[in-house]
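Take a look at the structure below.
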Number of protein chains: 2
Amino acid sequence: MGRPRGFDEAEVVRAAAALFAGRTYDGVSVDDLVTHLGVHRNSLYKTFGSKRGLYLAALRWYLEHEVHPLVASLGRAGDPVRAARLASEAGAGLDFLLLATVERAPVDAEVAAEVTSALHAVDGALGAVLHAGPDNGRRADDGGASSALATAFTAALLGLRLRAKAGGPDTGPDRAGAALAQRLDSTLSR
Amino acid sequence: MGRPRGFDEAEVVRAAAALFAGRTYDGVSVDDLVTHLGVHRNSLYKTFGSKRGLYLAALRWYLEHEVHPLVASLGRAGDPVRAARLASEAGAGLDFLLLATVERAPVDAEVAAEVTSALHAVDGALGAVLHAGPDNGRRADDGGASSALATAFTAALLGLRLRAKAGGPDTGPDRAGAALAQRLDSTLSR
DNA sequence: AGCATTCAGGAACGGACGTTCTTGACTGAC
DNA sequence: GTCAGTCAAGAACGTCCGTTCCTGAATGCT
């Protein structure tokens, strides 16, 4: 019953994620969304309820379709240097997570929950990479210090992307990530 | 000539910095500023020209009076572990820098210039700390790898504060920073 | 004392915001 | 073929935004 919708909801959510990754939540107006998404105001509110509803949908789509695959490949990286290179190659693929963490998570509990969950996933992948050198399995228990190290590694990779956004392309976040990863490599240090 | 102003400009700028550190640029309205700063609309525009003018003044005041002292103490920290502890103790003292970097620098060239300058200052302080163990001076030339490492260390400390803002106070950014700093300490690794 | 200047207070501006409403065209089920 | 239901299109809503203007009162200088 009724006329079928003339837009692809998944495509709309994907395009919304692209917009929200590039500008602040307040910096993206509903007019912007209507214009760039090809969906009409009415349908937007019918489908997502509000601007925030669309934002949450876009965030979840992004985490599932962009961050999750990256986390999976990080877990398969084998060593920290390769993991850092993967994160560096992701480039703007982390911008939405960065923006959501710094500007929305502090004022939106649902965003905070999604974001912390995603960050913990990254922690897990990087922790596995930090533990396992190519020669052995898990190291002796260190009282959680290595998971703390994974937290710091995640923070560093996000922070490097942050710096890449602020400074021009001249800053060398790639080399910085590589230098850090080399230091963290369990097969070299200790 | 004329009636003297009834507010302390430095105090106004300081209070503005506190507001901008807690919310997005768009999230702080001129009404908020007028209400919390005790200065009237007219005086605000007479003194700072615009909301952006006040924002820039607040950012510069903050960088000079909060970040710069922190950078100086970081440079005097002696070793990375103590530097990480100092950054951790700074707590919300880095939030304005974080917010400015991620949300304003990409769309405001003057903000970007201030921010990158401040970040480079942090790099310098951390680089000095990474180079110099308690036993020796500068290490042999490594082709700039250690300055890249300093960049990554800065990114990590900022990223940890980012995580502290998003997740509750339960996340342990302090331990993560300590774990990272210990790994980076030139007197222990290598 | 008189005047020029700057202040505080607050109303008012045009525009943009997120959201809702009205209208008419289209489609699927009966 | 009819009708209920959903769609697209866009006007319109009230609110808040950053900014400007108007009105007196207060001050320093001559």
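If you take CZ of A:R41 and P of D:dG10, they are 11 Å apart, rounded to a whole angstrom. Atom CZ in A:F48 sits roughly 18 Å away from atom C1' in C:dT20 (whole-Å rounding). B:L44 has its CG atom 12 Å from the P atom of D:dT20, to the nearest Å. Atom CD in A:E9 sits about 17 Å away from atom C1' in D:dA8, given to the nearest Å. At whole-Å resolution of the value, OH in B:Y45 and P in D:dG18 are 6 Å apart.
Residue B:D26 is classed as having no contact, given no heavy-atom separation below 4.0 Å to the nucleic acid. Within 4.0 Å (heavy atoms only), A:V28 reaches sugar-phosphate atoms of the nucleic acid but no base atom.
When the nucleotides D:dA11, D:dT19, D:dA8 are ranked by their closest atom to the side chain of B:K51, D:dT19 comes out on top. Listed nucleotides: C:dT19, C:dG10, D:dG10. Nearest to the side chain of A:S50: C:dT19. Counting only heavy atoms from C-beta on, A:H40 has its side chain closest to D:dA9 among C:dG9, D:dA9, C:dG18.
B:A15 approaches B:L37 most closely through the heavy-atom pair CB-CD1, 3.9 Å.
Under 4.0 Å is where a charged nitrogen must lie from a carboxylate oxygen, and between B:R23 and A:D26 no such pair does. Classification of A:E110 and A:R60 as a salt-bridged pair holds, one side-chain N sitting under 4.0 Å from a carboxylate O.
Distances shown here put every side-chain N or O of B:S29 at or beyond 4.0 Å from the OP1 or OP2 atom of D:dC16.
A donor N or O paired with an acceptor N or O is found under 3.5 Å between the base of C:dG9 and the side-chain atoms of B:N42.
In terms of position on DNA chain D, the residue among B:Y25 and A:K46 whose nearest nucleotide sits closer to the 5' end is A:K46.
For NE2 of B:H65, the number of neighbouring non-hydrogen atoms (other residues, nucleotides, ligands) closer than 6.0 Å is greater than 12.
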